[in-house]
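The first residue of the sequence shown is numbered 1, and numbering continues consecutively from there. Just follow the structure's listing: the first ligand is 1, and inside any ligand the first atom is 1.
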Amino acid sequence: MSTFKTLDDLEPDKRVLVRLDLNSPVEDGEVQDNRRFERHAETVRELAEAGHRVVLMAHQGRPGDDDFVSLEQHAAILASHVDRDVGFVADTYGEAAIEAVESLESGEILLLENTRMCDDELPEEEPETKAETEFVQTLAPHFDAYVNDAYSAAHRSHASLVGFPLELPAYAGRVMETEYEANSAIATREFDGQVTMVVGGTKATDVIDVMNNLGGTVDRFLLGGIAGELFLRAAGHDVGFDVGDMDLFDDQWEANHETIASLLDERGDQISLAVDLAYEDDDDERAEIAVDDVDEKDRAYLDVGTDTVESYDEVVRDSEAVFVKGALGLFEDERFSKGTVGVLRAIAETDCFSVVGGGDTSRAIEMYGLSEDDFGHVSIAGGAYIRALTGASLVGVEVLQRN
Ligand SMILES: Nc1ncnc2c1ncn2[C@@H]1O[C@H](COP(=O)(O)OP(=O)(O)O)[C@@H](O)[C@H]1O
Ligand SMILES: O=C(OP(=O)(O)O)[C@H](O)COP(=O)(O)O
């Protein structure tokens, strides 16, 4: 299916510039190890073993956000997965970066500083415009080839993703190759039995896009998380409101409530909402309440309840295909992992075709002792996975296919 070149087409002993997606959760300034490092390590190791001089680019956060930090910690985490040294230079394309690039020996690996610290990277512009930037024009002449492994960022028209492939012979890395094949196959695949999509997480617009675009393919949507609560609010329940200093619901409600109401109106018979919810009681224990019994807008709900998990479990076990995007609760806290883990366990125990997407959600698999082998495909992409599901193309892939 792929029409791009891969690492199989790359001759050994080259100077290779590689784009990874190491964008990760940052807690109290500490970058959290996750599946992205482990997956990209395979591409990086393969390149180093083939005798290339391997220079890596990646981003972290966006300017102004708390998680917009240097990639120094990323180099150390990646090194632990590659089992080789990964050098780091706190520069993107200035003198220090060029000097470090030029002093690399065959098989050595160097990570450049966060691409988003460079002004040319972020504004979304045409690939041709990105290729003309100082960033691309300065760095590209120091390389023989460009490899894009960042499938999960391939929906962004940023310089490091779309500029370099117009200036250098360009190849897809192993992660790009696998994710592209697996995710693109979904949009056109047909199933005889029930197709179910579990949608949760914090981003209501992602959920709405999926439901709008996949309503014809998916028979049943099982809702949870922040997005699920917004649907419950639209259905007339007193949940899905910001409580205290929370900033999760009210803005998203303003932006999306009309679309949510029309989705409930047009596709109500395909949509399952939680019948009960879990919260933290005064003794810091998990407690539950039926949605019909909620009569005050004064509590934060952190998971779907036990009756909901049981009914979602039954639907999953009756399905031929199950797609997951977003968690059903705050699964990082074990007390509120029941919804997310219940659904994942039901998928793992049946032989349905399954795809689990989302950088955060896929972390629940190893956190709760499930095996990646029990799922059809575990994607490290969130936004890109959603676009692929709806059949939309990704600009970062398109430019690779031009090569
Ligand atoms: N009720 C909830 N309250 C707070 N956080 C929640 C709730 N439900 C889900 N989440 C959080 O949603 C996150 C995943 O959301 P999102 O970023 O949309 O998905 P992904 O990263 O998987 O694409 C998880 O880290 C989880 O803790
Ligand atoms: O983590 C990412 O997106 P995702 O959370 O949708 O998987 C990518 O690195 C893209 O990052 P961005 O959404 O800041 O451009």
Step-by-step side chain to side chain contact (heavy atoms under 4.5 Å, CB included) determination, L110 to V54: CA-CA 6 Å; L110 171 74; V54 187; over 6 Å; no
Any chance you could lay out the side chain to side chain contact (heavy atoms under 4.5 Å, CB included) test for S152 and Y385, step after step, and finish with the verdict? CA-CA 7 Å; S152 46; Y385 160 68; over 6 Å; no
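Ion pairing between a basic and an acidic side chain is recognised when a charged N comes within 4.0 Å of a carboxylate O; R116 and E121 show no such pairing.
Atom 9 (C) of ligand 1 has G329 O, 3.3 Å as its closest protein atom, hydrogens excluded (heavy atom only). Scanning all protein heavy atoms for the shortest distance to atom 6 (O) of ligand 2 gives G383 N, 2.7 Å. From the protein, the heavy atom lying nearest to atom 2 (C) of ligand 1 is I226 CD1, 3.5 Å.
Atoms of ligand 2 lying under 4.0 Å from any heavy atom of R156, numbered from 1 in the order shown and given with element: 12 (P), 13 (O), 15 (O). Near D21, meaning under 4.0 Å from any of its heavy atoms, are these atoms of ligand 2: 8 (C), 9 (O). Near S152, meaning under 4.0 Å from one of its heavy atoms, ligand 2 places the atoms 8 (C). Contact atoms of ligand 2 toward K203: 5 (O) (distance under 4.0 Å to a heavy atom of the residue).
Counting heavy atoms closer than 4.0 Å to ligand 2, residue R116 contributes side-chain atoms (C-beta onward) but none from N, CA, C or O. Residue F336 does not touch ligand 1, judged by heavy-atom distances below 4.0 Å.
Contacts of R335 classified as salt bridge (Lys or Arg N to Asp or Glu O under 4.0 Å), with partners at least two apart in sequence or in another chain: E280, D333.
Here's the thing with D303: none of its N/O atoms is less than 3.5 angstrom from an N/O atom of ligand 1. Checked by distance only, ligand 2 and R62 come closer than 3.5 Å through their nitrogen or oxygen atoms. Taking distance alone, with nitrogen or oxygen atoms compared against 3.5 Å, G61 stays at or beyond that limit from ligand 2.
When only modelled atom types and interatomic distance are considered, H81 and D33 share a side-chain donor-acceptor pair under 3.5 Å. Under the 3.5 Å distance criterion, with hydrogens and angles disregarded, a donor-acceptor pair is assigned to the side chains of D149 and H40.
With D21 as the partner, the salt bridge (charged side-chain N to carboxylate O under 4.0 Å, His left out) test is satisfied by one option alone out of R36, R156, R35, R39: R36.
Geometrically, R233 does not engage F249 in a cation-pi contact defined by less than 6.0 Å to the ring centre and at most 45° from the axis. The side-chain tip of R286 does not point at the ring of F336 from less than 6.0 angstrom away and within 45° of straight on.
Residue contacts with ligand 2 include R36, since one or more of its heavy atoms lies under 4.0 Å from the ligand. For the ligand labelled ligand 2, residue H59 lies inside the 4.0 Å heavy-atom shell. Judged by the shortest distance from any of its heavy atoms, R363 lies outside the 4.0 Å radius around the atoms of ligand 1.
In this pair, F37 and H74 present their aromatic rings tilted. The plane angle is within the 30 to 60° band.
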